[in-house]
Amino acid sequence: MRQPLNRNLVSALSRQTHLSFVQTEAHNHIQRLRNCSDFVSAASLHSKVLKSGLLAHTFTANHLLNCYVRLRRIDHARNLFDEISEPNIVSWTSLISGYVDVGRPGIALCMFGKMPGCSVMPNEFTFATVIKACSIFSDLRTGKEIHARLEVFGFRVNLVVCSSLVDMYGKCNDVDGARRVFDLMGCRNVVSWTSMITAYAQNARGDEALQLFREFSHLMSDRPNHFMLASIVSACSSLGRLVSGKVAHGAVIRGGHDLSDVVASALVDMYAKCGCLDYSDKIFRRIRYPSVVPYTSMIVGAAKFGLGKLSLELFSEMIDRGIKPNDVTFVGVLHACSHSGLVDEGLEHLKSMFDKHGILPSTKHYTCVVDMLGRTGRLDEAYQLAKSIQADQNFGALLWGTLLSASRLHGRVDIAVEASKQLIDSNQQVAGAYVALSNTYILAGEWDKAHNLRSEMKRNQVRKEPGCSWIEIQDSSYVFYAGDVSSCAQGTEVVNLLRELESRMKERGYVGGSNGLVFVDVEEEAKGEILGLHSERLALAFGLINTPKGGTVRIMKNLRMCTDCHEAFKLISAIVERDFVVRDVNRFHHFKNGFCICGDFW
DNA sequence: ATAGGGTTAG
């Protein structure tokens, strides 16, 4: 009677022992898989797991799967996934996320589509992953579909899912859609705030990005991290806001994020766009292993300062250090050649793009070259080049617009007419094309044609939006419309100041031209010199000027809209009379690590 | 238990 019981007990005990042995073995494998950081060990663990029969154990198999995903061996991950007899939601999500990580969001979405057929239900992890795939793809339609589905599943309140939704709408240029999700979130963290701030910053709504950052700083006790600060600095760049940029730089230093390469890259760009190339250089030189991004920022920054030679030096330095340039880098290099009149070097670089670096020049590169040829008067070559390019819709208008302004500059009515036709056909900047062509006719003394064109514009109800410029004073922007001095409260005073400034600058050697800008470094370490620069190359830069009271002032120009120095003077005058009577900027400044940064405004 | 979100240059 006792035998069977004993036998049962023994067999139960041995089952227990076996089970715990298996568990221990599985546990050991999992520990090793967790720490595994190279492919050879992963493969060896794979065979051990296979031999021990633990691959049938989905949990263990998932660990192995994630190991391959971490090592970016997506094909190995895929093969393993196909061998798992009962893949669960974690197996699916891991593989989908692996495809997203290696930049194949299409396959990720495709797999997601196959899930219902395999009776696996997506969860919040899966949704967060596939939404990221949509944002990489900029696929708003699919993104919205998935958004609708997850609402049905009840993941609308999940923090991570919502953050990735905010990001997805932002990356798809639907900023208001992003804001709607953000506003409905029940709880938010640094990531969700960063997603929303970035959505603004990347969609030319920098003011709102800064506003939201202020709200974050007031409402949340969390400190901004390097993700958020990189976005904020970038918002300041696109706004040309030096003071806000310095405030952000202060926050970067205080938070100990000045060693982050990404933040440093953003700062390099910000200082360059705000007219302080010295600071860009200082920050750039502190980056131990600069990637292609900060190099490109410096190259573009120097190019916009008219320092073409410096751009080209940076470019060859980068090549010498074995850093691979990309298409953006070449936009900067060609831009540098164009703005410094280095035509032969420019053509050489265009050729080397594909020959040496395997990058196929695109419309934007050819546009730089057309600009380069056009500026130096080689208009026939520029025209031939423009005609030979199969320009895509978006960049075609820029190409012909570039040729148009060059023909106008050199009085080539014939080419101006052709370029305008192309521009009008492209259905973009139509009003600008009409105005530019009419101005070309006027320049060439063909008044009748100019008049006819203006009548045609009226008949077709083509209206040119008035051009505007803006300046930043402290943390406020002031907008001025072209040719309208009265839009500024003290119009007459401004005009008087303008005249005074103009004559003072002439005394210092300024040569008036159609594209001049005042350009002065006003930082404490380089005080006082007003440089009268008259080259076209400054048309793409920002101006700085010392004021009678010794303060720091800077101007920013809307470069496409107004290109004459008159407009620049108008802005400077406005700053002089508005800012320095009222405020003392220097009060907020302090020095840290050799930088003059600002105190907290938010 | 294993899987998920945000950053820089044109």
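Keep in mind the model is a prediction, meaning the values are calculated, not measured. Numbers restart at 1 for each chain; the letters A, B, ... are given by sequence-line order, proteins then strands.
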(message) Does A:Asn225 contact B:dG6 through a side-chain donor or acceptor facing the base, at a distance under 3.5 Å?
(response) yes
(request) Tell me yes or no: between the side chains of A:Ser91 and A:Asn88, is some donor less than 3.5 Å from an acceptor? (result) yes
(message) The side chain of A:Ile89 is closest to which nucleotide in this list: B:dA3, B:dG6, B:dA9?
(response) B:dA3
(message) A:Arg180 vs A:Tyr169, test: side chain to side chain donor-acceptor pair (under 3.5 Å). Steps then yes/no.
(response) CA-CA 10 Å; A:Arg180 275 193 293 275; A:Tyr169 279 106; over 6 Å; no
(message) In this structure, how many angstroms lie between the P atom of B:dT7 and the NZ atom of A:Lys132, rounded?
(response) 9 Å
(request) Could you tell me the separation between the CD1 atom of A:Ile232 and the C1' atom of B:dG6, rounded to a whole number of Å? (result) 12 Å
(message) Checking side-chain polar atoms at under 3.5 Å, does A:Tyr200 have a donor or acceptor matched by the opposite partner on A:Arg179?
(response) yes
(request) Using a cut-off of strictly less than 4.0 Å, decide whether A:Thr58 has a side-chain nitrogen or oxygen near OP1 or OP2 of B:dT2. (result) no
(message) What's A:Val263 touching, base or sugar-phosphate or nothing? Going by heavy atoms closer than 4.0 Å.
(response) nothing
(message) What is the separation between atom CG on A:Asn123 and atom C1' on B:dG4, rounded to the nearest whole Å?
(response) 9 Å
(message) As a test of reading the structure: which of B:dT7, B:dA3, B:dA1 is closest to the side chain of A:Phe227, going by heavy atoms?
(response) B:dT7
(request) Provide, to the nearest angstrom, the distance between the NE2 atom belonging to A:His147 and the P atom belonging to B:dG5. (result) 18 Å
(message) So A:Thr194, base contact, sugar-phosphate only, or nothing? Heavy-atom distance under 4.0 Å.
(response) base
(request) Compute both the distance and the angle, then confirm whether A:Arg188 meets the cation-pi test with A:Phe182: under 6.0 Å from the six-membered ring centre, within 45 degrees of the axis. (result) yes
(message) Under 6.0 Å between ring centres: does that hold for A:Phe213 and A:Trp193?
(response) no
(message) For a quick test of reading the model: is some side-chain N or O of A:Lys364 closer than 4.0 Å to OP1 or OP2 of B:dA9?
(response) no
(message) With a 6.0 Å cut-off on the ring centroids, do A:Phe125 and A:Phe155 count as close?
(response) no
(message) How many whole angstroms separate atom CG of A:Leu64 from atom P of B:dA1?
(response) 21 Å
(message) Parallel, tilted or perpendicular, judged at 30° and 60°: which one describes the rings of A:His226 and A:His257?
(response) tilted
(message) Whole angstroms only, please: what is the NE2-C1' distance between A:His57 and B:dA1?
(response) 9 Å
(request) Please list, by residue number, the residues of residues 44-53 of chain A whose heavy atoms come closer than 4.0 Å to an atom of DNA chain B; answer none if no residue qualifies. (result) none
(request) Compare the minimum distances between each of B:dA3, B:dT8, B:dG5 and the side chain of A:Ser164, then state the nucleotide with the smallest one. (result) B:dG5
(message) Under 3.5 Å, is there any donor-acceptor pair linking the side chain of A:Ser163 to the base of B:dG5?
(response) yes
(message) Mind checking if A:Leu159 touches a base, just sugar-phosphate, or nothing, with heavy atoms under 4.0 Å?
(response) base
(message) Counting only side-chain heavy atoms from C-beta out, which of B:dG4, B:dA9, B:dT2 sits nearest to A:Arg34?
(response) B:dT2
(request) Look at the side-chain N and O atoms of A:Gln202 and state whether any lies under 4.0 Å from the OP1 or OP2 oxygen of B:dT8. (result) yes
(request) For the side chain of A:Phe125, starting at C-beta, report the closest nucleotide among B:dT7, B:dG4, B:dG10. (result) B:dG4
(message) For a quick check of understanding: with a heavy-atom distance under 4.0 Å over all strands, which category does A:Val161 fall into, base, sugar-phosphate or nothing?
(response) base
(request) Ignoring hydrogens and angles, answer whether the base of B:dA1 and the side-chain atoms of A:Asn62 contain a donor-acceptor pair closer than 3.5 Å. (result) no
(message) I want to know whether A:Tyr295 and A:Phe284 have ring centres closer than 6.0 Å.
(response) yes
(message) If you only use heavy atoms from C-beta on, which nucleotide in B:dA3, B:dG5, B:dG4 is closest to the side chain of A:Thr129?
(response) B:dG4
(message) Looking only at the side chain of A:Val300 (C-beta and beyond, no hydrogens), which of the listed nucleotides B:dA3, B:dG10, B:dG5 gets closest?
(response) B:dG10
(message) Heavy atoms from C-beta onward define the side chain here; which of B:dA3, B:dG4, B:dG10 lies closest to that of A:Asp269?
(response) B:dG10
(request) Could you tell me if the ring centre of A:His249 sits under 6.0 Å from that of A:Tyr271? (result) yes
(message) Of the listed nucleotides (B:dT2, B:dT7, B:dG4), which one gets closest to any side-chain atom of A:Thr198?
(response) B:dT7
(message) Nearest whole Å is fine: how far is B:dA9 C1' from A:Ile283 CD1?
(response) 15 Å
(message) Please pick, from B:dA9, B:dT7, B:dG5, the nucleotide with the shortest atom-to-atom distance to any side-chain atom of A:Lys171.
(response) B:dT7
(message) Using a heavy-atom cut-off of 4.0 Å across all strands, would you classify A:His63 as base, sugar-phosphate, or nothing?
(response) sugar-phosphate
(request) Starting from P on B:dT2, measure out to CD on A:Glu124 and report it in whole angstrom. (result) 14 Å
